[in-house]
Amino acid sequence: MRTMPYNLHRSPSGTIHTAINTHKSITDVFNNNSIALSTNKRINSSYDNSSLYFKDVRLSERADGLNSTMESLSSILSIVNSAGKNLDTINDLVELAKSLASSAYDASVFSDKIVAKNFKMKFSDPINEIAQIDLPTLPSGANEKATIMFRTGDTNKYTTDIEYESEKATLSDMGIVAGDSFSIKVGDTDWIDLKVSEDDIKNNITVVDFLGQVPDKLTYRTQDKAGNDIIVDGRENFKIAFEDNKLTLFTADNTQIMIADEPQDDTNIAYKLGFDMSTTKTIKTQNDWTMKTLIQEINSLKDGKTNDIVANLNSNGYLEISSLYGDEFCITDRYGEIAKQMEINKASAYDYNDRKNLASRYDELLEQINHVVDDGIYNGINLLAGDTIKAIYSDDGLNFHYISGEFMDFESLGLTKSVSEWQKESDIQTVLDQLEEATNKLESFAAILQRSSSKISSRSDYMTSLADTYSTGAEKLTIADANEISIEQLTIETQQQLINNVINLTLDSSNGILSLF
């Protein structure tokens with residue numbers, strides 16, 4: 001019978017146990033090293049090194065807080081810079097508006113001239129001695145002579161100042177009574193005189209039907225080139241319409257319309273219907289008038305508001321009449337034919353009013369300013385519309401600064417739209433003064449935005465540096481040396497292989513010994 005030898009000083013199981021413990025220990029180190037390589041940190045939990053781990057956490061949290069604050073500041077900086085760019089655009093528009101106003105101040109505003117080219121005259125020439133001029137006596141008295149009418153504005157149109165409740169408004173609705181009169185002249189036709197009868201009032205005739213007599217009276221019979229009889233229908237040219245509840249009379253071929261402004265009392269239907277008669281003026285000539293007197297009377301019609309007719313003898317001795325502010329205008333005879341004989345019984349061919357055009361462009365620029373303001377929203381904030389934003393300069397929120405916006409629309413800048421189409425230099429000067437004040441306000445707010453932008457940028461740079469310091473400090477506490485760990489991992493792998501060999505050899509040896517029994 002075989003027996004176990006008793007001189008073995010170490011049992012195989014003890015050797016294997018030691019090898020397994022050693023293998024487990026170096027495997028734990030190997031796993032920790034693997035984590036360190038993947039995270040680039042030697043300490044990844046409080047079990048690795050509680051003191052360094054929690055220092056790292058505190059420093060990293062501070063760095064994260066600073067970075068979060070910087071992200072907020074970056075967004076605010078974008079809002080401020082965006083407002084600054086929009087403000088530059090508004091300033092450019094204001095500068096362009098200044099250019100328009102300055103140009104308008106010296107701009108030409110005269111319309112196309114009506115010139116009496118059929119004969120030359122002198123200032124001293126008596127009107128009644130000028131060849132071809134006939135001054136008939138008016139029915140109202142021997143002291144009055146021919147009557148000339150002037151009108152500025154849309155010469156082919158009349159629109160009421162008042163709104164009508166209905167297109168079927170009657171004469172009675174408008175306060176018109178029997179005996180009231182209405183006189184109108186269309187183009188080169190004779191004056192058409194309408195008078196309200198008792199039947200018109202009794203039958204509740206409408207205003208449209210009453211004025212409908214005008215195109216009927218404009219209808220006439222003539223012959224074409226072939227000698228055929230034709231009828232020219234007045235309704236094809238003279239129109240009656242309601243626009244925005246206002247009564248409008250106009251011609252389709254743009255020939256001028258003149259409504260008599262006399263008598264200027266409650267018997268004149270024109271006033272009761274609400275037509276604007278302020279642009280119509282009348283001159284009644286006298287026996288002793290010279291050409292100079294006539295020119296002075298025409299110039300006296302100019303009131304700086306609705307009438308701007310000016311007259312003079314040009315260098316060739318011809319009477320010329322124009323509109324001071326470039327409005328369309330027309331001239332006709334109310335009594336007599338002085339305007340017709342002097343060939344001034346017509347409408348201006350066109351109006352060329354630089355000031356009017358520049359004023360229109362100026363008003364469009366003001367609207368563009370408001371569009372820029374409306375488009376100035378960035379991330380829900382519009383500093384050009386009075387919004388306020390809070391810039392936080394510390395991660396604890398205790399250090400902050402409010403950036404208050406201002407209203408930059410054209411009304412808030414103190415700008416107003418053009419008055420009377422800039423026909424008066426004083427109105428343009430007022431605009432120039434307003435634009436200068438607007439520029440000062442823009443410069444002041446731009447300086448505020450610039451200071452805020454600089455402060456945010458400076459604070460952001462400081463916090464970036466501070467966050468980097470905290471991040472670097474935290475990294476140094478726990479950073480892993482990749483080279484060192486890699487070498488250590490290779491060593492552990494070698495040890496693991498040796499231990500596996502020891503275990504295998506021990507097991508083989510134990511099996512060999514056991515086979516002896």
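The side chain to side chain contact (heavy atoms under 4.5 Å, CB included) check on Ile230 picks up Thr222, Asp224, with sequence neighbours excluded. Applying the side chain to side chain contact (heavy atoms under 4.5 Å, CB included) test to Asn204 and every residue at least two apart in sequence or in another chain returns Thr170, Ser172. For the side-chain hydrogen bond (donor to acceptor under 3.5 Å, both in side chains) test, residues two or more places apart in sequence or in another chain that qualify with Asp209 are Thr206. Arg235 is linked by a salt bridge (charged side-chain N to carboxylate O under 4.0 Å, His left out) to Asp216, Asp233, counting only residues two or more places apart in sequence or in another chain. Not counting sequence neighbours, the partners of Asp253 by the side-chain hydrogen bond (donor to acceptor under 3.5 Å, both in side chains) test are Asn237, Thr255. Not counting sequence neighbours, Glu236 has no partner by the salt bridge (charged side-chain N to carboxylate O under 4.0 Å, His left out) test. For Glu95, the salt bridge (charged side-chain N to carboxylate O under 4.0 Å, His left out) test picks out Lys98, with sequence neighbours left out. Residues satisfying the side chain to side chain contact (heavy atoms under 4.5 Å, CB included) criterion with Gln296, sequence neighbours excluded, are Lys292. Here Thr332 pairs with Met149, Lys185, Trp191, Met258, Asn345 under the side chain to side chain contact (heavy atoms under 4.5 Å, CB included) rule; sequence neighbours left out. With sequence neighbours left out, Glu367 forms a salt bridge (charged side-chain N to carboxylate O under 4.0 Å, His left out) with Lys417. Taking the side-chain hydrogen bond (donor to acceptor under 3.5 Å, both in side chains) definition, one finds that Glu320 meets it with Asn314, sequence neighbours left out.
In terms of heavy atoms, Lys340 sits closest to Asp333 at N-OD2, 2.9 Å. Smallest separation of non-hydrogen atoms from Phe250 and Ala241: CE2-CB, 3.9 Å. A pairwise comparison of heavy atoms in Thr285 and Trp289 identifies CA-CZ3, 3.4 Å as the closest pair. Minimum heavy-atom separation, Ala311 to Leu319: CB-CD1, 4.3 Å. Across all non-hydrogen atoms, the minimal contact from Ala339 to Ile331 is CB-CG2, 4.2 Å. Between Ala270 and Met277 the shortest heavy-atom distance is CB-SD, 4.1 Å.
Summarising the local packing, CG of Asp229 is surrounded by more than 12 heavy atoms from other residues, nucleotides or ligands at distances under 6.0 Å. Taking a 6.0 Å sphere around OH of Tyr220, one finds it holds 12 or fewer heavy atoms contributed by other residues, nucleotides or ligands. Counted within 6.0 Å of NZ on Lys272, heavy atoms from surrounding residues, nucleotides or ligands total more than 12; the atom is thus considered enclosed. The number of heavy-atom neighbours closer than 6.0 Å to CG of Asp188, taken from other residues, nucleotides and ligands shown, is 12 or below. Within 6.0 Å of NZ in Lys122 there are 12 or fewer heavy atoms belonging to other residues, nucleotides or ligands. Within 6.0 Å of CG in Asp244 there are 12 or fewer heavy atoms belonging to other residues, nucleotides or ligands.
Thr280 places a side-chain heavy atom less than 4.5 Å from the side chain of Tyr158. Under the 4.5 Å side-chain criterion, counting only non-hydrogen atoms from C-beta, Val310 is not in contact with Ile298. Proximity of Phe410 to Leu365: side-chain heavy atoms (C-beta onward) are nowhere separated by under 4.5 Å. When side chains are defined from C-beta on, Ile192 does not count as touching Ser183, because their heavy atoms never get closer than 4.5 Å. The closest side-chain heavy-atom distance from Tyr164 to Leu273 is below 4.5 Å. Using a 4.5 Å cut-off on side-chain heavy atoms (C-beta onward), Ile381 and Leu383 make contact. Between Tyr378 and Asn86 the shortest side-chain heavy-atom distance does not fall below 4.5 Å. Between Ser453 and Asn81 there is a side-chain heavy-atom pair separated by less than 4.5 Å.
Distance CD1/Ile369 to CG/Asp374: 12.0 Å, rounded to 0.5 Å. Here the straight-line distance linking atom CZ of Phe329 with atom OG1 of Thr155 works out to 9.5 Å at 0.5 Å rounding. Interatomic distance, Thr430 OG1 to Leu435 CG, rounded to the nearest 0.5 Å: 11.0 Å. Here the CG atom belonging to Leu171 is positioned 6.0 Å from the CZ atom belonging to Phe210, to the nearest 0.5 angstrom. For the atom pair CG (Leu249) and NZ (Lys157), the distance works out to 11.0 Å, reported to the nearest 0.5 Å. The distance from the CG atom of Leu358 to the CG atom of Leu100 is 6.0 Å, given to the nearest 0.5 Å.
Checked by atom type and distance alone, the side chain of Ser444 never pairs as donor or acceptor with a backbone atom of Asn440 at under 3.5 Å. A donor-acceptor pair under 3.5 Å links the side-chain atoms of Asp276 to the main chain of Ser278, judged by distance alone. In this structure a side-chain-to-backbone donor-acceptor pair under 3.5 Å is missing from Ser412 to Met408. Side-chain atoms of Thr147 do not come within 3.5 Å of backbone N or O of Tyr335 as any donor-acceptor pair. In this structure a side-chain-to-backbone donor-acceptor pair under 3.5 Å is missing from Arg151 to Glu328. With hydrogens and angles ignored, the 3.5 Å screen pairs no side-chain donor or acceptor of Ser102 with any backbone N or O of Ser99.
Side-chain contact check for Ser360 and Asp363: no donor-acceptor pair (N or O, by modelled atom type) lies under 3.5 Å. A donor-acceptor pair shorter than 3.5 Å can be found between the side chains of Asn156 and Asn254. Side chains of Gln429 and Asp433: a donor-acceptor N/O pair is present below 3.5 angstrom, by distance only.
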Determine, stepwise, if the pair Thr416 / Gln434 fulfils side-chain hydrogen bond (donor to acceptor under 3.5 Å, both in side chains).
-> CA-CA 8 Å; Thr416 57; Gln434 291 175 350; 3.1 Å; yes
Check the pair Asp261, Thr282 against side-chain hydrogen bond (donor to acceptor under 3.5 Å, both in side chains), reporting the backbone distance first and the verdict last.
-> CA-CA 8 Å; Asp261 64 340; Thr282 302; 3.1 Å; yes
Determine, stepwise, if the pair Thr293 / Thr290 fulfils side-chain hydrogen bond (donor to acceptor under 3.5 Å, both in side chains).
-> CA-CA 5 Å; Thr293 309; Thr290 64; 3.2 Å; yes
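Salt-bridge check for Asp180 with Lys195: failed, with every basic side-chain N at 4.0 Å or more from each acidic carboxylate O. Look at Glu262 and Lys284 and you find a salt bridge, because one of the NZ, NE, NH1 or NH2 atoms lies within 4.0 Å of a carboxylate O, short of that distance.
Note: Trp422 and Tyr362 meet the aromatic proximity criterion, with ring centroids under 6.0 Å apart.
Sorted by first and then second residue, the salt bridge (charged side-chain N to carboxylate O under 4.0 Å, His left out) pairs with a member in residues 406-415 form an empty list; sequence neighbours excluded.
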